[in-house]
Amino acid sequence: MKPQNLTTENFDRAISGSSQPVLVDFWAEWCGPCRMIAPVLDELADEHAGKASVAKVNVDEAPEIAARFGITAIPTLIVFKDGRPQRTLLGVQSKSTLAAALAAAGNN
């Protein structure tokens, strides 16, 4: 299962319409660290299917979403629950760190 690509058209619906935690990766095509973390996000999407969602926002294609959440460096990962940011992680993160952030948001 691949992370869902979010755009200005579907972002709010995807974030606020989910009762599960949603991990959103703010990334760009030209970002080396973003490409490094992509396989980890694919694994998390598979392993957490049914419990949490993983999504991506390309900051070059949706700069207004990035601006809304104050994204100044990528990759930035934000865990949302009930449409609200719960935790922000900057830079490349380990799979275990991201899984723990999703689990913590799921327990809130």
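Residue numbers run from 1 in the order of the sequence given. These figures come from a predicted structure and were not determined experimentally.
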Please, which pairs that meet disulfide bond (SG atoms under 2.5 Å apart) have at least one residue in residues 38-86, sequence neighbours excluded? none

Residues that T8 engages under side-chain contact (heavy atoms from CB on, under 4.5 Å), provided they are two or more places apart: A62, E64, I65

Contact summary for A52 and Q20, nearest pair of heavy atoms: N-OE1, 3.7 Å

Closest non-hydrogen atom pair between P33 and P75, with its separation: CB-CD, 3.7 Å

Can you list everything that forms a side-chain hydrogen bond (donor to acceptor under 3.5 Å, both in side chains) with N10? Sequence neighbours excluded, please. T7

Name all pairs fulfilling the salt bridge (charged side-chain N to carboxylate O under 4.0 Å, His left out) condition that reach into residues 85-94, sequence neighbours left out, sorted by first residue then second. none

Using the rule that Ile, Leu, Val, Met, Phe, Trp and Tyr join whenever any side-chain heavy atoms are under 4.5 Å apart, tell me whether L44 and L77 fall into a single cluster. yes

Among the clusters formed by ILVMFWY side chains lying less than 4.5 Å apart, do I78 and V59 turn up in the same one? yes

By side-chain hydrogen bond (donor to acceptor under 3.5 Å, both in side chains), which residues pair with R68, not counting sequence neighbours? D12

Value rounded to 0.5 Å, distance of CG in L102 from NZ in K81: 11.0 Å

Would you mind listing every disulfide bond (SG atoms under 2.5 Å apart) that reaches into residues 40-102, with sequence neighbours excluded? none

Does a side-chain heavy-atom distance below 4.5 Å link L98 with V54? no

For A14 and Q4, work out which heavy atoms get closest and say how close. CB-OE1, 4.2 Å

Taking every non-hydrogen atom, the tightest pair across S18 and S53: OG-OG, 4.5 Å

Are any of the side-chain heavy atoms of V79 and P85 separated by less than 4.5 Å? no

Can you run down the side-chain hydrogen bond (donor to acceptor under 3.5 Å, both in side chains) pairs that involve residues 94-104, sequence neighbours left out, and say none if there aren't any? E43-K95, E47-K95, S94-S96, S94-T97

Shared hydrophobic cluster, I74 / L89 (ILVMFWY, side-chain heavy atoms < 4.5 Å): no

Enumerate the ring pair (Phe, Tyr, Trp, His ring centres under 6.0 Å) contacts for residues 34-69, please, sequence neighbours excluded, ordered by first and then second residue. F11-F69, F69-F80

Side-chain donor-acceptor pairs of residues 23-31 under 3.5 Å, sequence neighbours excluded:
from	atom 1	to	atom 2	distance (Å)
D25	OD2	K56	NZ	3.2
W30	NE1	D60	OD2	2.7

